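Lettering follows sequence order; numbering is per chain, from 1. Not measured: the values here are computed from a predicted model.
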Amino acid sequence: MIHRQEIANVLKSPTVGEEVTVMGWVRAWRGNRFMVLNDGSGAETLQVVVNGEDFDEETIRAIGFHACVGVTGELIESQGAGQAVEVVAKEIIIYGATDLSTYPLQAKSQTMEFLRENAQFRMRTNTFSAVFRLRHALAFATNKYYNDRNFYYLHTPIITGNDAEGAGEMFRVTALDPASPPKDEDGNVDYSQDFFGKSTHLTVSGQLQAEIGALAMGKVYTFGPTFRAENSHTTRHLSEFWMIEPEIAFADIDNNQDLAEDFLKYLINHCLDNYRADLEFLDERIKQSEKNMKAELRRPMGLLEMLEFTVKDDFARITYTEAIRLIQGSKPYKKKKFEFPVEWGTDLQAEHERWLVEKHFKKPVIVRDYPKGFKAFYMRLNDDNETVAAMDILFPYIGEMVGGAQREEREDVLRARMKEMDVHADELAWYLQLRTFGGCPHAGFGLGFERMVMFVTGMGNIRDVIPFPRAPKSADF
RNA sequence: GCCUCAGUAGCUCAGUUGGUUAGAGCGGCGGACUGUUAAUCCGUAGGUCAAAGGUUCGAGCCCUUUCUGAGGCGCCA
């Protein structure tokens with residue numbers, strides 16, 4: 001039986017004079033005397049004073065960067081500046097020494113790219129342990145938020161038989177031999193002989209199945225991995241990412257907006273209330289990295305300041321039509337600085353969204369009622385017959401954080417839209433039946449979980465907020 | 001999928017119009033050091049210049065192809 005105290009608990013209510021046993025990884029080893037220990041229980045470290053005459057040389061030599069050690073000793077008031085208390089080591093156990101001549105990491109700041117390639121060790125750094133504690137915090141807060149509001153957590157399938165969920169390229173799932181798959185008369189691969197007796201893929205969204213849940217249990221949410229085989233090379237896309245998709249019955253687009261805004265603020269508040277030290281560390285990290293940058297490239301607000309500001313103020317709410325009008329009246333539009341055209345009927349490009357969020361409103365913006373031409377078939381047609389009850393929530397630095405809509409509950413309208421957009425009704429017969437039998441107005445949205453982790457941690461690349469990122473040409477670990 | 005930039009020591013980078021034996025800081029290793037906070041000081045070893053091909057008397061540098069990474073755009077969350 002191993003007994004140890006977690007460093008976060010020791011530091012929360014330190015009792016000077018008490019004997020403590022702590023275990024963790026060495027973050028720094030200074031002057032052959034001071035060992036800085038972190039065990040992951042929080043952002044804080046505990047300094048251990050090692051008096052050379054009390055230990056044999058072998059033990060002293062084994063202490064080094066990222067070595068794993070256990071220490072028993074007396075907690076005393078620190079004699080140096082920089083920490084309130086420290087431990088004078090009485091006993092040291094070396095659990096795992098680190099051969100520094102071959103260990104990839106170093107006790108200095110390293111690039112995100114290098115750490116990404118060494119993901120087996122990157123969680124030992126201050127930055128990544130903070131990021132992944134906050135990732136946990138956001139996942140926990142998500143489940144708590146919905147549980148406390150009588151939503152049910154619905155596990156939608158990861159392997160799907162729906163060919164068209166309308167959200168991008170899909171990864172095929174097959175048990176057929178890729179070298180010699182069975183063929184039909186026309187020479188095409190015969191998926192009726194495949195494992196499931198049909199063509200199957202990894203899910204791109206749990207929304208359609210979540211609608212089944214909402215139209216029986218009232219309020220449900222999904223929270224699971226989703227997959228997109230898009231060849232995207234950006235800092236905001238992954239091939240495998242996690243999505244939170246609440247779906248609620250007896251709700252329209254206004255209920256949907258309120259839920260999304262309240263939920264996002266709840267998530268941020270949970271982190272501000274419970275993970276202050278990690279946020280302060282990340283805030284400081286960003287400030288340090290921006291020190292040598294030109295003023296206009298720096299963030300206008302620090303991380304903590306921005307999170308607190310986001311929670312305090314209402315999100316801006318506008319329609320697509322208003323957004324177009326605002327952009328057409330903007331300075332960059334008049335000076336022809338935008339690369340893409342802005343006129344009613346075209347989708348908002350990243351440059352336009354950035355102007356709205358970062359320059360005009362300077363806070364999150366909810367845009368609703370988009371033209372039906374470039375939105376999905378299941379979004380509810382508005383009375384103007386031109387727009388649909390879709391909503392996107394745009395965040396500074398992130399872009400689209402949330403995409404959602406009131407769903408089309410009128411079967412005839414839905415059938416017409418599917419026909420218009422070339423979605424085969426026979427493949428989604430079960431989805432149409434939700435309208436034929438006991439349907440009602442309902443709405444929901446999808447939140448890209450990693451984008452939320454990016455916003456809260458201030459990390460600039462989505463690959464650095466998921467432990468083991470999957471992206472084109474990249475599936476290590 | 002499109003565009004731009006990059007790949008030189010373990011890491012981060014410098015390397016002039018193509019010219020002798022490719023450099024620095026950090027890290028490593030060896031040593032010193034009993035109050036450090038990115039500890040400090042002294043010493044020292046590290047290189048198939050991404051890969052292949054080409055131009056040239058001569059290529060880290062020029063050309064071609066491939067691979068890898070970063071960033072931007074599109075697609076989206």
Chemist: Kindly say whether, by distance alone, the side chain of A:Ser232 makes a donor-acceptor pair under 3.5 Å with the base of B:C75?
Modeler: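 Check passes, donor-acceptor contact within cut-off.
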Chemist: If you measure from the C1' atom in B:C3 to the same atom in B:A59, how many Å do you get, rounded?
Modeler: 29 Å
Chemist: Please state whether the base of B:C75 and the side chain of A:His237 form at least one donor-acceptor pair under 3.5 Å?
Modeler: yes
Chemist: Looking at residues at least two apart in the chain, or sitting in another chain, which of them share a salt bridge (Lys or Arg N to Asp or Glu O under 4.0 Å) with A:Glu19?
Modeler: A:Lys90
Chemist: Give me the distance, rounded to whole Å, that separates B:G15 from B:C33 when you measure between the P atoms they each carry.
Modeler: 41 Å
Chemist: Could you tell me how far B:U17 sits from B:C76 if I compare only their P atoms? Round to whole Å.
Modeler: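 Nearest-Å result for B:C76 against B:U17 at atom P: 46 Å.
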Chemist: Under 4.0 Å, counting only non-hydrogen atoms across every strand here, what does A:Ser78 touch: a base, just sugar-phosphate, or nothing?
Modeler: base
Chemist: Base, sugar-phosphate alone, or nothing: which one does A:Arg354 contact when heavy atoms must sit under 4.0 Å apart?
Modeler: sugar-phosphate
Chemist: With a 3.5 Å limit on both atom pairs, tell me what B:A22 is paired to, counting Watson-Crick and G-U wobble, or say none.
Modeler: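 B:A22 is unpaired by these criteria.
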Chemist: Let's test this: given Watson-Crick or G-U wobble pairing with both distances under 3.5 Å, identify the partner of B:A14.
Modeler: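 Paired with B:A14, as far as the under-3.5 Å criterion goes, is no nucleotide at all.
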Chemist: Any heavy-atom pair between the side chains of A:Thr45 and A:Ile7 that's under 4.5 Å?
Modeler: no
Chemist: Aromatic contact between A:Trp344 and A:Tyr320, with the criterion being ring centroids under 6.0 Å apart: yes or no?
Modeler: yes
Chemist: Mind telling me whether A:Tyr146 and A:Phe263 have parallel, tilted or perpendicular rings, with 30° and 60° as the class edges?
Modeler: tilted
Chemist: Can you list the residues that meet the ring pair (Phe, Tyr, Trp, His ring centres under 6.0 Å) rule with A:Tyr431, with sequence neighbours excluded?
Modeler: none
Chemist: Is there a donor and acceptor pair, one atom on the side chain of A:Arg33 and one on the base of B:U34, closer than 3.5 Å?
Modeler: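 Between B:U34 and A:Arg33, which were checked side chain against base, a qualifying N/O pair under 3.5 Å is present.
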Chemist: Test A:Tyr103 against A:His66 for ring-ring contact (aromatic ring centres under 6.0 Å, His included), laying out the working first.
Modeler: CA-CA 9 Å; A:Tyr103 186 56; A:His66 283 186; 5.6 Å; yes
Chemist: For B:C29, which nucleotide in any strand shown is its Watson-Crick or wobble partner with both distances under 3.5 Å?
Modeler: B:G43
Chemist: Using the P atom as the reference point in each nucleotide, state the distance between B:A9 and B:A50 in Å, no decimals.
Modeler: 8 Å
Chemist: Can you tell me the base-pairing partner of B:C61? Count Watson-Crick or G-U wobble geometry only, both distances below 3.5 Å, and say none if there is no partner.
Modeler: none
Chemist: What's A:Thr111 touching, base or sugar-phosphate or nothing? Going by heavy atoms closer than 4.0 Å.
Modeler: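 Since only primed, P, OP1 and OP2 atoms lie under 4.0 Å of A:Thr111, the category is sugar-phosphate.
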Chemist: Check every strand shown and say whether A:Gln106 touches a base, only sugar-phosphate, or nothing at a heavy-atom separation below 4.0 Å.
Modeler: base
Chemist: Considering only the P atoms, how many Å lie between B:U20 and B:C73, rounded to the nearest integer?
Modeler: 43 Å
Chemist: With sugar-phosphate meaning primed atoms plus P, OP1 and OP2, does A:Phe241 contact a base, only sugar-phosphate, or nothing at under 4.0 Å between heavy atoms?
Modeler: base
Chemist: Heavy atoms only, 4.0 Å cut-off, all strands: where does A:Arg27 land among base, sugar-phosphate and nothing?
Modeler: nothing
Chemist: Could you let me know what B:U68 is paired to, Watson-Crick or G-U wobble, both distances under 3.5 Å, or none if it's on its own?
Modeler: B:A6
Chemist: When rounded to the nearest Å, what value does the distance between C1' atoms of B:G60 and B:G23 take?
Modeler: 12 Å
Chemist: Using a heavy-atom cut-off of under 4.0 Å over every strand shown, decide if A:Val402 touches base, sugar-phosphate, or nothing.
Modeler: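 Answer is sugar-phosphate: A:Val402 comes under 4.0 Å of backbone atoms only.
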Chemist: Between B:C26 and B:U21, how far is it from one C1' atom to the other, in whole Å?
Modeler: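 Per the computed distance, 25 Å lies between those C1' atoms.
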Chemist: For A:His442 and A:Gln406, which I'm curious about, is there any donor-acceptor pair between the side chains at under 3.5 Å?
Modeler: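 The answer is no; no qualifying pair exists.
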Chemist: Identify whether NZ of Lys or CZ of Arg in A:Arg149 sits under 6.0 Å from the centre of the six-membered ring of A:Tyr266 and within 45° of that ring's axis.
Modeler: yes
Chemist: In whole Å, measure the gap between the C1' atoms of B:U48 and B:C2 for me.
Modeler: 34 Å
Chemist: If each of A:Ala350 and A:Ser101 is mapped to the nucleotide of RNA chain B with the nearest heavy atom, which maps nearer the 5' terminus, i.e. the 5' end?
Modeler: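 The 5'-side residue here is A:Ser101.
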Chemist: B:C76 P sits how many Å from A:Asp347 CG, rounded?
Modeler: 7 Å
Chemist: So A:Met401, base contact, sugar-phosphate only, or nothing? Heavy-atom distance under 4.0 Å.
Modeler: sugar-phosphate
Chemist: Taking donor-acceptor contacts at under 3.5 Å, does the side chain of A:Gln47 reach the base of B:U36?
Modeler: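 Yes, a donor-acceptor pair under 3.5 Å.
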Chemist: What about A:Glu113, does its side chain sit under 3.5 Å from the base of B:G69 through a donor-acceptor pair?
Modeler: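 Result: no qualifying N/O pair found.
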Chemist: When you check every protein heavy atom under 4.0 Å of nucleotides 38-51 of chain B, what one-letter string (B, S, -) results, 5' to 3'?
Modeler: -B------------
Chemist: If we call it a pair only when both distances are under 3.5 Å in a Watson-Crick or G-U wobble match, what pairs with B:A38?
Modeler: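 When the pairing criteria are applied, nothing turns out to pair with B:A38, so the answer is none.
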Chemist: Report which part of the nucleic acid A:Glu86 touches: base, sugar-phosphate, or nothing (heavy-atom distance under 4.0 Å, all strands).
Modeler: base
Chemist: Taking the six-membered ring of A:Tyr378 (Phe, Tyr or Trp), confirm whether the NZ or CZ of A:Arg417 is under 6.0 Å from its centre and within 45° of its axis.
Modeler: no
